[in-house]
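Protein chains get the first letters and strands the later ones, always in sequence-line order, with residue 1 at the start of each. Please read these numbers as outputs of a predicted model, since none were measured by experiment. Hydrogens, waters and symmetry mates are skipped; everything else that's a heavy atom, side chains included, is used.
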Amino acid sequence: MICDKFDKNVEAKWQKYWTDGKTYDFDENDKRPIYSIDTPPPFTSGDLHMGHVLSYSYFDFVARYKRMRGFSVYYPQGWDCQGFPTEVKVEQKYGRKPPEEFRKLCVEWTESCIAKMKQQMTTMGFSPDWRYEYKTMSDDYHRRVQYSLIKMFEHNLVYNAEHPVFWCPNCNSALAKTDTDELERDTQLNFLIFKCEGKDLQIATTRPEYLHACVAVLFNPTDARYKKYEGKDITTPLSKTVKLIADKDVEKEFGTGLMMLCTFGDKADVVGMYRHNLSPIRAMDERGRLVNAGEFDGLKAEEARKKILEKLKAEKLLVKQEPLKQVIKVHDRCKKPIELLLSRQWFAKIKDKSDEIVAAAKKMRWVPDFAIQYLIDWSKFVEWDWVISRQRVFGTPLPFWMCKKCNIAYPARYNELPVNPPTMEKRECPKCKSTLEPETSTCDCWIDSSISPLVISRWPEDTEFFKKTYPSSLRPQGVEIVRTWAFYTIYRCLMLTGVPCFKELLLNGNVLATDGKKMSKSLGNIIAPDKLIDDYSADAVRQWSALSGAMAKDRPFSYQDIAYAKSFLNKLLNASKLVEKSIEGYEPKEEDRKHLRETDKWILSRTNAIVASATEKFENFEFHFLTKEMQDFFWHEFCDFYLEYVKHRIYQPEIYGEESKRAAQYTLYYALLSTAKVLAPITPHMSEEIYQLFKGKGKEQAKSVHLSSWPVADKSLESKKSEEICKLLNDALALIRQHKATNKMPLNAQLKSVHICAPVSLESVLEEIKATGKVDSVKFKEGEFSVVVG
RNA sequence: GGGCCUAUAGUCGAAUGGUAAGACGUCUGCUUGACGUGCAGAAAACUCGGGGUUCGAUUCCUCGUGGGCCCACCA
């Protein structure tokens, strides 16, 4: 029995049915071709957002489609657990704790987030095989990550060196760039006097407190004002002498055209320092206090700036101050300015690998194809190696020990992985016998996620499973992380296996708020998936996803689309109820095809065309066109016209004949079954509900529509002639309805007579015109199409 | 500052080298032998601006302007 009302409770019923029936279980020994999906592990924030809903719907469509196409679909789902946001939340809740205890609390917190998100995924009807669930915080995942790092270390692709990092002096912590926000603020541009060969040269700076760390003064090589000073000595207001150096990135128009280079005022300083081979000066400690600054030691930046400006003013070395709008980086949590600090970090060698990465990327099919350009452009801009270490607690420990004396790094042994060096027994340097220093840093989260195709394929130890599932058939992901997740994954997997990691990539864009702006808490325009599922059902949300499928393109959320989707589900449900009633007790038989009427042939021909078209669109990930086409076909051809044409045959077989009734039943059966199947990937719950009518009958022996086979377009059912005739029939009926509408008559009003002029004979549909149009007598004439009532 | 994407009725959006679907909204009518979450009608777009290619462009090219995403070292 088809349900009376379709909502999330019906959906929950089927979700349970699928889980209990192990509907999505992947069989490792399946002989059918394998389709593996390297699904994105969401960060475990505890909430699925609309972006997740969109992209996860995408690959769920693919997984369901491929299953019905006869693939053995390997669809694992993981969780990206480790990261600073979790540490912040846990610290807020429990305060600071020793590392081991803190990590446990983080794990606990993350588990509760996963439970919530998993529930949301189930509610959306996503169909991963949860037996293959992975978590980046697990021992197993750590082991594989550490293994990969040691492998890369052995190939000189991972190394240790000194490098400046973003640092929040307020939180006393290193930050990733993604942890930073930009903030515009008003500041002063201070013009200071430097001395060069007895002359005063003015230099404009916003950070005079860094004067003690000044290691050079730069100017643009094309700047005639300063060209003559190249290589000369220049003396700072603090009486330190440095060189004047030409640098193409100095803007002539800014300030005086002279730039003071400090280690480390901002990133420009760091770039200059590396470019000109200058030795760094530690200017600030971890808590943001100046060091190596003489009388200003121990002061915080703001305070030091005030003091030093006072001093320079008194010495008449401060010429003037101009107000300046400046964009600075702040910590996204505490909103305090961040600094750059020099520290020892781990790196992955990526700078010279661009060509190899791009070559591997080009071997993959990118959908849409222009998205590969993001990766190509990015790889050209790679300036430095990738800093892979983070000074955090909740992350994958770096499996290394350092000998400070010999300055040599030692990796953990493969057979002891996973390791957490600081908690382990002391080790000694094989060379100098001194105690090795365990690495306390953890990995950048992209280190974790960039081997997801390897992890899901059980690399490195399960070579058989690896062969079956790697490279991944599909990597679905957001277009905004092509430069990170896709780039790093292609790089790491290529370095570790020598084989490009994906066959195809499917890119999706962002979901914007209804006003076309990015959803954000501060704008208060966030749309919560849970509320949508409550109000519209998961299948409606999934249709919205499909309809938003202009690939790799941002689209505002549309309440119109989702409301339409809900109405469509209602239409599907009600039409199915009618069909259910109409085919009660009917078993489909091929012989019933002998008595097909013109209208039957028409809708069967259309059904097959739609099946063929939908198949092609699924292959090309064109969910948008496909969903729209299905909606239009089912609603406006099947329901609006065909169902009306068969009612009299179903209800009055004593007048129109038993054979005619069976032909109609055959057609209803065939068309609705095909529709339910084609829509199954998009609206899995509704399709399953409808599939009850067919389950166990004829070829439909699968226990779920999702385990049934994809409909094959039957060429023998194609009939262009029937389509032409019925197109005219539909038009004629529309005109008859129009006549009734203009004359304010009910649609079921009986008409005496109608004259129809048509280019082809409509004799074969005379019965439908009479019965559906409620006309007593119809007169045909050959010629240009027209309908006259009366 | 750089790269990429984008611009079609009130709104959202298809399509096309020969003046343009559909949906929502609006307006009018119709109660139903599945559905008023419905059915039938109606009004509503010189396809962002300039230039070019072409017999002809909304469609191709170019510049501009607006919007979006990503990236970046203005002290």
Heavy atoms under 4.0 Å, any strand shown: does [X] hit a base, just sugar-phosphate, or nothing?
X	value
Val270(A)	nothing
Glu480(A)	sugar-phosphate
Phe568(A)	nothing
Gln652(A)	base
Tyr564(A)	sugar-phosphate
Ala734(A)	sugar-phosphate
Lys740(A)	nothing
Asp269(A)	nothing
Asp640(A)	sugar-phosphate
Cys262(A)	nothing

Check: Which of parallel (below 30°), tilted (30 to 60°) and perpendicular (above 60°) describes Tyr669(A) and Phe694(A)?
Finding: perpendicular
Check: Using the ring of each side chain (for Trp, its six-membered ring), is Phe634(A) parallel, tilted or perpendicular to Phe568(A), with breaks at 30° and 60°?
Finding: perpendicular
In the structure shown, which nucleotide is the Watson-Crick or G-U wobble counterpart of [N], with both distances under 3.5 Å?
N	result
A42(B)	U26(B)
A20(B)	none
C60(B)	G52(B)

Which whole number of Å gives the distance between the [atom1] atom of [N] and that of [M]?
N	M	atom1	result
A20(B)	U58(B)	C1'	8 Å
A7(B)	G17(B)	P	16 Å
G50(B)	G10(B)	C1'	28 Å

Checklist line | Heavy atoms from other residues, nucleotides or ligands near CD of Gln750(A) exceed 12 (cutoff 6.0 Å) | finding: yes
Check: Hey, do the aromatic rings of Tyr58(A) and Phe623(A) have their centres closer than 6.0 Å?
Finding: yes
